[in-house]
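Data block below; observations after.
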2 protein chains.
Amino acid sequence: MNISTRFAVAIHILTLIDSNKDGKSTSEWIAGSVNTNPVVIRRLTGMLNKAGLVEVRPGVAGAKLTRSAADITLLQIYRAVNAVEEDSLFSVHEHPNPDCPVGKNIAGAIVPVFSLAQKAMENVLQEVTLDQIVHQIPVS
Amino acid sequence: MNISTRFAVAIHILTLIDSNKDGKSTSEWIAGSVNTNPVVIRRLTGMLNKAGLVEVRPGVAGAKLTRSAADITLLQIYRAVNAVEEDSLFSVHEHPNPDCPVGKNIAGAIVPVFSLAQKAMENVLQEVTLDQIVHQIPVS
DNA sequence: CTGGAATGTAACTATTATAGTTGCATCTGG
DNA sequence: CCAGATGCAACTATAATAGTTACATTCCAG
């Protein structure tokens with residue numbers, strides 16, 4: 001399987017907000033660029049809000065970044081939208097036979113490797129900031 | 001979401017086969033250690049067979065590795081069971097608005113980052129061989 | 001102070017992937 | 001030849017995702 005589009009859409013949303021500092025970034029407007037339903041956008045801005053990346057309030061039109069795009073990493077966005085749970089990118093079968101030496105020890109042998117692999121991926125996301133994405137969008 | 005248990009189970013299967021060079025590793029026997037249905041095992045040994053990691057034939061009891069565990073990497077197993085499609089660990093929303101500068105260019109901006117992140121993860125898997133896993137299982 | 005416009009959220013649907021299961025055809029070696 | 005394997009199709013149950021409708025709540029402009 002693969003990581004939900006929530007992550008890609010969240011990056012899209014934050015990029016839009018950052019490049020629309022003058023206008024009001026309403027869920028409806030954002031939805032027009034993402035090409036989806038405004039409720040999907042609100043769900044995500046809600047998560048980004050809880051994570052402290054975005055300011056958005058009931059009744060008040062428009063979402064705003066809480067800080068500079070240079071101070072937001074893709075890893076923070078990834079965590080905000082719960083793209084992958086902590087240490088669970090790889091799933092491990094639950095009940096191997098404890099009476100078999102392999103069954104008893106296989107999880108202990110592979111989980112650390114899985115953890116390292118996941119961290120390697122997340123380290124890449126940590127090194128990329130939102131403004132690096134924004135800078136790749138032509139000014140108009 | 002997360003990567004299917006197929007990957008973890010496949011590692012379990014190959015570890016079992018390697019540590020059972022004397023006995024016959026039938027799907028039923030393997031299923032007993034994994035604690036699942038033999039058909040699930042056969043599906044996986046079938047994939048491992050197609051990938052050339054395992055030799056298994058209709059009617060003939062027992063699967064065997066086609067080469068030393070030192071020559072099998074976790075990445076090869078990962079590919080064999082189709083744990084993640086090429087360059088699609090992260091999914092990207094399909095139809096952003098082409099009339100919006102952000103919508104038009106967002107995929108081009110994030111896909112390379114996603115690709116790098118996925119490769120970083122896969123590189124870790126490439127550095128781990130099956131025998132490193134086998135060596136973590138107590139001899140008896 | 002009120003009405004329009006926005007957000008928040010619950011509830012439902014459709015779609016997809018996974019994991020398990022049954023049943024049976026097919027193959028093979030003793 | 002036949003008992004015991006594997007291969008595979010078909011079905012089920014479960015879970016996550018993405019989209020949608022409906023509506024309560026909140027705020028601000030006039």
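The figures here come from the full heavy-atom set of this structure, side chains too, leaving out hydrogens, waters and symmetry mates. Proteins get letters first, then strands, A, B, ... in listed order; numbering begins at 1 in each.
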Item to check | Value in whole Å for how far the P atom of C/dT18 lies from CD1 of B/Ile3 | outcome: 11 Å
Checklist entry - From C/dT28, C/dT7, D/dA18, pick the nucleotide closest to the side chain of B/Arg57? => result C/dT28
Checklist entry - If you find the nucleotide of DNA chain D closest to A/Val60 and the one closest to B/Gly62, which residue's nucleotide is nearer the 5' end? => result B/Gly62
Checklist entry - Given C/dG20, C/dT18, D/dG19, which nucleotide is nearest the side-chain atoms of A/Thr36? => result D/dG19
Checklist entry - Can you hop from B/Leu65 to A/Val102 via hydrophobic side chains spaced under 4.5 Å? => result yes
Checklist entry - Is a donor-acceptor pair below 3.5 Å formed from side chain B/Arg43 to base C/dG20, judging by atom type as modelled? => result yes
Checklist entry - Do the side-chain N and O atoms of B/Asn20 and B/Ser25 include a donor-acceptor pair separated by under 3.5 angstrom? => result yes
Checklist entry - Does the side chain of A/Ser115 pick up a donor-acceptor pair with the side chain of A/Asp87 at under 3.5 Å? => result yes
Item to check | Whole-Å distance separating the CZ atom of A/Phe7 from the C1' atom of D/dA16 | outcome: 18 Å
Checklist entry - Picking from D/dA5, C/dG8, D/dG19, which would you name as closest to the side chain of B/Ala61? => result D/dA5
Checklist entry - Given that A/Lys50 and B/Val40 both sit by DNA chain C, which one's nearest nucleotide is further toward the 5' end? => result A/Lys50
Checklist entry - How close or far is atom P of D/dC11 from atom CG of B/Asn37, stated in whole angstroms? => result 18 Å
Checklist entry - How close or far is atom P of D/dC23 from atom CZ of A/Arg42, stated in whole angstroms? => result 15 Å
Item to check | Shortest side-chain distance from A/Ser4, nucleotide among C/dT21, C/dT9, D/dA18 | outcome: D/dA18
Checklist entry - Nearest to the side chain of B/Val56, which nucleotide is it out of D/dT6, D/dG19, C/dA19? => result D/dT6
Next on the checklist: Using whole Å, what does the distance between atom P of nucleotide D/dC8 and atom CD1 of B/Ile41 come to?
Outcome noted: 16 Å
Next on the checklist: Whole angstroms only, please: what is the CD-P distance between B/Glu28 and D/dG7?
Outcome noted: 14 Å
Checklist entry - Any idea which of C/dT7, C/dT21, D/dT6 is nearest the B/Val39 side chain? => result C/dT21
Checklist outcome for this item: Between NE2 of B/His95 and C1' of D/dA18 the distance, given in whole Å, is 13 Å
Checklist entry - Which pair of heavy atoms, one from B/Ala8 and one from A/Val92, lies closest together, and at what distance? => result CB-CA, 4.0 Å
Next on the checklist: Less than 4.0 angstrom between a side-chain N/O of B/Arg6 and OP1 or OP2 of C/dT18, yes or no?
Outcome noted: yes
Checklist outcome for this item: Of the candidates D/dC28, D/dT21, C/dA19, the side chain of B/Thr5 sits closest to C/dA19
Checklist entry - Rounded to the nearest 0.5 Å, how far apart are CZ of A/Phe7 and CD1 of A/Ile77? => result 6.0 Å
Next on the checklist: Can you confirm whether the side chains of A/Ser33 and A/His12 place a donor and an acceptor under 3.5 Å from each other?
Outcome noted: yes
Checklist entry - The side chain of B/Pro58 lies closest to which of these nucleotides: D/dA18, C/dA6, D/dG7? => result D/dG7
Checklist entry - For C/dT7, does either OP1 or OP2 sit under 4.0 Å from a side-chain N or O belonging to A/Ser27? => result yes
Checklist entry - In whole angstrom, what separates A/Glu55's CD from C/dT7's P? => result 13 Å
